[in-house]
Amino acid sequence: MLKIYERFLQGFIYGDHLSSMRKPCGEHHPSNLLPLLCSYQTQSHQLIFLREGPQIGRVALDNLFNMWLSNQTLGSDFFLLGLFSQSPHPDILFFIIFVIFLMAVSGNIILILLIHTDSCLHTPMYFFINQLSLMDLTYISVTVPKMLVNKLTEVRTISAVGCGTQMFFYLMLVGSEYCLLAAMAYDRYVAICHPLRYSVLMNHRVCVLLASGCWFVGSIDGFLVTPITMTFPFCRSKEIHHFFCEAPAVTKLSCSDTFLYEISMYLCCIIMLLFPMSVISASYYFIILTVHRMNSAEGRKKAFVTCSSHITVVILFYGAAVYTYMLPRSYHTPEKDMVVSFFYTILTPVLNPVIYSLRNKDVTGALKKMLRLGKVPY
């Protein structure tokens, strides 16, 4: 058994796992020297073992083997340091996030119910707003409840399966929302630039296909990135400097070379952002040209009100996404990353219903009608 451990250790030390470490400190010394304590360090991870002449101590080998196995095992837990560890008033922050979560959930549920029950809102534009609210509702439910429960129980751990599940749904919803915002821009383009053909170009079948395509693209993003990220060897500290398992934060814990992975993720994000942004930019370019040719001031005002809500959401969402996934690592710090993620993961889902309701007469009219009836639709 000792020979098996020794062979394993030699492969471990001289193999690919620790290729960046320096050579054993006793390599050029006679085997009959006194036991030497040799340290190997790679960035934040330190490996120490006891070398006793030509043989290696059984206890040291057992400890080293168990340490390596525990570090490499996918089933071990991660630790989410979260927002509360960075705040001087964690209880107040907990209360604020809890209130925001309740507002986001209730606001999106009410908007979904209004769109489903009011026949005046059965149009392509509100069909996409309904999908956006569904994404936001799922979006905030994936990350915030776990963070709040961890604070209440004073337990910061999350299992590897839970971390991978959270990462997958998060990536799927982010990718889907990128594409959905592009579909909404195209819908506004058809409504303003081709109003007479709007009912034909944006019929229910087209809307369902566009929405399904958005969910499909987001699912591909989640299925591609999550397995690769979660199969990296995590032989450093498993403390995630974040309040949920975001792919860049988890990747930082890996002890392997992630350069190619980060380049691939960067290119993938460029594609995921570039195509929707191209559709959005082209749509609003033609919208601006059409609005400029309008003689009616009322028509211009209506077009501006219709598009301004969508433009606001696009700026909020894409601005944060560009910072998170496209800027080089040198621009990032754990504190900045958490603030930006807090903005578009927690605040954006509560802002979207407000943006699309307060500035929209159809939604406010449907809400007033519901309140006058004195009952909540179901």
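This structure is a prediction, so every number in the text was calculated from the model and none was measured.
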- Message: For a quick test of reading the model, state the closest non-hydrogen atom pair linking I140 to L137 and the distance between them.
- Response: CG2-O, 3.6 Å

- Is there a donor-acceptor pair closer than 3.5 Å between any side-chain N or O of H242 and the backbone N or O of L81? no

- Can you tell me how far the CE atom of M135 sits from the CG atom of N108, to the nearest 0.5 Å? 12.0 Å

- Task: Can you label the angle between the Y170 ring and the Y139 ring as parallel, tilted or perpendicular, going by 30° and 60°?
- Result: parallel

- Query: Under 4.5 Å between any side-chain heavy atoms of F94 and L148, yes or no?
  - Reply: yes

- Whether S219 side chain and M172 backbone form a donor-acceptor pair below 3.5 Å: no

- Query: Between I110 and I112, is there a shared hydrophobic cluster once you connect ILVMFWY residues whose side-chain heavy atoms come closer than 4.5 Å?
  - Reply: yes

- Message: Just so I know, are the side chains of M294 and I192 near enough to count as touching, which here means a heavy-atom distance under 4.5 Å?
- Response: yes

- Tell me, with the steps shown, if Q131 and C214 meet side-chain contact (heavy atoms from CB on, under 4.5 Å). CA-CA 10 Å; Q131 295 295 310; C214 295; over 6 Å; no

- Query: Is there a side-chain contact between I109 and L113 (heavy atoms, below 4.5 Å)?
  - Reply: yes

- Here the pair of heavy atoms bringing K151 nearest to P90 is CE-CB, 3.8 Å

- Query: Do T123 and M202 come close enough that some side-chain heavy atom pair is under 4.5 Å?
  - Reply: no

- Any side-chain heavy atom of F343 within less than 4.5 Å of one from L316? yes

- Item | E262/T251 under side-chain hydrogen bond (donor to acceptor under 3.5 Å, both in side chains): CA gap, chis, key distance, verdict | CA-CA 9 Å; E262 291 175 6; T251 305; over 6 Å; no

- Under the side-chain contact (heavy atoms from CB on, under 4.5 Å) rule, what do K252 and D337 come out as? Steps first, then yes or no, please. CA-CA 13 Å; K252 292 178 183 179; D337 291 348; 3.5 Å; yes

- Message: Between H204 and V208, is there a side-chain heavy-atom distance shorter than 4.5 Å?
- Response: yes

- Query: So, does S159 use its side chain to make a donor-acceptor pair with the main chain of G162 at under 3.5 Å?
  - Reply: yes

- One should read off an interatomic distance between T348 OG1 and L132 CG, to the nearest 0.5 angstrom, of 10.0 Å

- Message: Check for me, please, whether I220 and L171 land in the same ILVMFWY cluster - side-chain distances under 4.5 Å, paths through other members count.
- Response: no

- Task: Any chance you could measure L80, atom CG, to I158, atom CD1, to the nearest 0.5 Å?
- Result: 5.0 Å

- Mind checking whether Y318 and Y178 have parallel, tilted or perpendicular rings, split at 30° and 60°? tilted

- Task: Give a yes or no on whether the backbone of F223 and the side-chain of T226 come within a donor-acceptor separation of less than 3.5 Å.
- Result: no

- Message: Applying disulfide bond (SG atoms under 2.5 Å apart), can you list everything that pairs with C163, at least two apart in sequence or on another chain?
- Response: C245

- Message: Looking at every heavy atom in both D77 and A160, which two are closest together, and how far apart are they?
- Response: OD1-N, 4.5 Å

- When rounded to the nearest 0.5 angstrom, what distance separates CG in L114 from CD1 in I129? 11.5 Å

- Task: Would you check if the side chain of N130 reaches a backbone N or O of H116 as a donor-acceptor pair within less than 3.5 Å?
- Result: no

- Message: Does F169, at its CZ atom, have more than 12 non-hydrogen atoms belonging to other residues, nucleotides or ligands within less than 6.0 Å?
- Response: no

- Where is the tightest heavy-atom contact between F244 and S341, given as atom of each residue plus distance? CE2-CB, 4.1 Å

- Begin from the C-alpha positions of L111 and I115 and carry the test side-chain contact (heavy atoms from CB on, under 4.5 Å) through to its verdict. CA-CA 6 Å; L111 191 55; I115 292 172; 4.2 Å; yes

- Item | Main-chain N/O of M103 paired to S106 side chain as donor or acceptor, under 3.5 Å | yes

- Message: If you apply the rule side-chain hydrogen bond (donor to acceptor under 3.5 Å, both in side chains), what do you find for Y126 with D118, and how did you get there?
- Response: CA-CA 11 Å; Y126 293 107; D118 197 308; over 6 Å; no

- Is Y261 close to S256 at the side-chain level, that is, under 4.5 Å between some pair of heavy atoms? no

- Ring geometry between F286 and Y189 (parallel below 30°, tilted from 30 to 60°, perpendicular above 60°): tilted

- Message: Please confirm whether the ring centroid of H310 lies under 6.0 Å from the ring centroid of Y284.
- Response: yes

- Message: Please give me the minimum heavy-atom distance between A247 and T229, naming the atom from each residue.
- Response: O-CG2, 4.2 Å

- Item | Within 45° cone and under 6.0 Å: K238 NZ/CZ vs F79 ring | no

- Are any non-hydrogen side-chain atoms of L173 and W215 less than 4.5 angstrom apart? yes

- All heavy atoms of G222 vs all of P227, minimum pair found to be O-CD, 3.9 Å

- Message: Hydrophobic clustering (ILVMFWY, side-chain heavy atoms < 4.5 Å, transitive) - are V144 and V149 grouped together?
- Response: no

- Go through the steps to decide whether F317 and N352 satisfy the test side-chain contact (heavy atoms from CB on, under 4.5 Å), and finish with yes or no. CA-CA 10 Å; F317 194 77; N352 286 348; over 6 Å; no

- Among the clusters formed by ILVMFWY side chains lying less than 4.5 Å apart, do I346 and L152 turn up in the same one? yes

- T345 side, atom OG1; F243 side, atom CZ - distance, nearest 0.5 Å: 4.5 Å

- Message: So, taking the atom named CD1 in I92 and the one named CD1 in I97, what distance separates them when rounded to the nearest 0.5 Å?
- Response: 12.0 Å

- Task: Check whether L181 and Y285 end up in the same hydrophobic cluster, where Ile, Leu, Val, Met, Phe, Trp and Tyr are linked by side-chain heavy atoms less than 4.5 Å apart.
- Result: yes

